[in-house]
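Beneath this line is the structure, given in structure tokens, with notes to follow.
Counting starts at 1 for both ligands and their atoms, following the listed order. Since the model is a prediction, treat every value here as computed from it, not as a measurement. Along the sequence shown, residues carry numbers from 1.
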Amino acid sequence: MRGTVLYAPRDVRVEDRPDPKIEEPTDAVIRLAATCICGSDLWPYRGIEPIDGPTPVGHEYAGIVEEVGRDVRTIKPGQFVIGSFFACDNTCEICRAGYQTSCIHREPAAPTGAQAQYTRITLADGTLVATPGLPADDLVPSLLAASDVLGTGWFGAVAAEVGPGKTVAVVGDGAVGLLGVLAASQLGAERIIAMSRHEPRQALAREFGATDIVTERGEEGVARVKDLTGGLGAHSVIEAVGTQESMMQAIRATRPGGHVGFVGVAHGVELPGQELFFSHVHLHGGPAPVRRFLPELIDLICNRQIDPGKVFDLELPLDQAAEGYQAMDERRAIKTLLRP
Ligand SMILES: [Zn+2]
């Protein structure tokens with residue numbers, strides 16, 4: 001099969017790789033209908049996260065089950081399935097509490113890399129969710145978005161306690177931030193402030209339900225959110241970047257008693273204890289337990305109530321993955337969909 005390998009920073013190659021096989025009795029092998037490049041793939045691509053030799057990449061996937069191991073009970077060959085980046089048993093106490101990304105059996109879900117024609121999925125019964133029947137082709141991008149960015153934006157909103165009557169601010173205009181806007185809108189937020197200085201992303205944020213746009217960042221961005229909220233700050237802030245600046249912007253834009261849902265993978269973030277103490281802000285976040293939300297998100301997509309696939313503004317054949325990385329790195333694309 002063809003699969004994508006990151007050799008070194010900015011050195012992405014699509015090459016012939018061994019076909020994934022069932023290795024554990026709980027595995028499944030799926031044929032990808034579509035895959036994509038994640039904002040988090042840019043950390044090793046840019047050399048900010050070290051890599052240890054050539055590494056197969058990609059952790060977002062949607063496709064048809066080809067084969068299952070002998071202990072797989074609920075997932076069947078021929079089903080169209082979606083799963084998240086971490087595999088889970090979905091039965092342990094942590095999973096049942098809705099934190100499948102901290103499952104006691106957590107492991108990478110697609111260890112052979114999902115930016116490929118085929119991928120091996122671990123703990124298939126716990127990890128994968130099947131769609132009702134085979135989805136129409138035009139739903140595939142949205143279902144793929146549910147694999148990570150939609151589920152992550154959704155968790156950001158849930159962790160920030162978004163709900164009816166609340167004002168929500170979203171820090172970050174990547175795919176996760178934009179889908180955090182969509183989630184906030186679905187969860188009934190009254191007002192949604194998208195923080196973005198990039199016009200096409202502002203337009204998509206509005207389409208997804210943003211009512212206000214703030215172009216300022218850092219302290220100025222915080223001041224603008226306070227201006228828009230009677231000096232108090234937002235009830236709920238979704239942090240979807242993962243830097244020191246974005247995290248502090250999120251905390252400072254939240255009113256006392258409010259909630260920050262942080263879903264940007266933290267890189268070099270250090271929180272000042274005393275400021276946090278006096279802020280009265282709740283912090284909750286981490287790797288999104290996408291599995292918790294998948295059944296609901298698949299329903300919303302299959303019933304055409306949401307269209308999160310709009311975050312894919314570049315579609316390329318798998319063999320051009322390197323161009324897809326470069327376009328995202330240079331912010332020419334929000335998110336690249338790859339067709340195997
Ligand atoms: Zn578990």
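- Around the Zn ion (ligand 1), the two atoms SG of C92 and SG of C103 are separated by an angle of 120°, to 10 degrees.
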In residues 87-98, what donor-acceptor pairs under 3.5 Å come from side-chain atoms, sequence neighbours left out?
residue: D89; atom: OD1; partner: T91; partner atom: N; Å: 2.9
residue: D89; atom: OD1; partner: C92; partner atom: N; Å: 3.2
residue: D89; atom: OD2; partner: H105; partner atom: ND1; Å: 2.8
residue: N90; atom: OD1; partner: Q100; partner atom: NE2; Å: 3.0
residue: R96; atom: NE; partner: T91; partner atom: O; Å: 2.8

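- Between F155 and F293, the ring-plane angle classifies as tilted under the 30° and 60° cut-offs.
- Looking at R46 and Y325, their side chains never come closer than 4.5 Å, going by heavy atoms from C-beta outward.
- Counting just the N/O/S atoms of D89, the one with the shortest distance to the Zn ion (ligand 1) is named OD1.
- The nearest N, O or S atom of C88 is not closer to the Zn ion (ligand 1) than 2.8 Å.
- Using the six-membered ring where Trp is involved, H284 and Y99 have ring planes that are tilted, between 30° and 60° apart.
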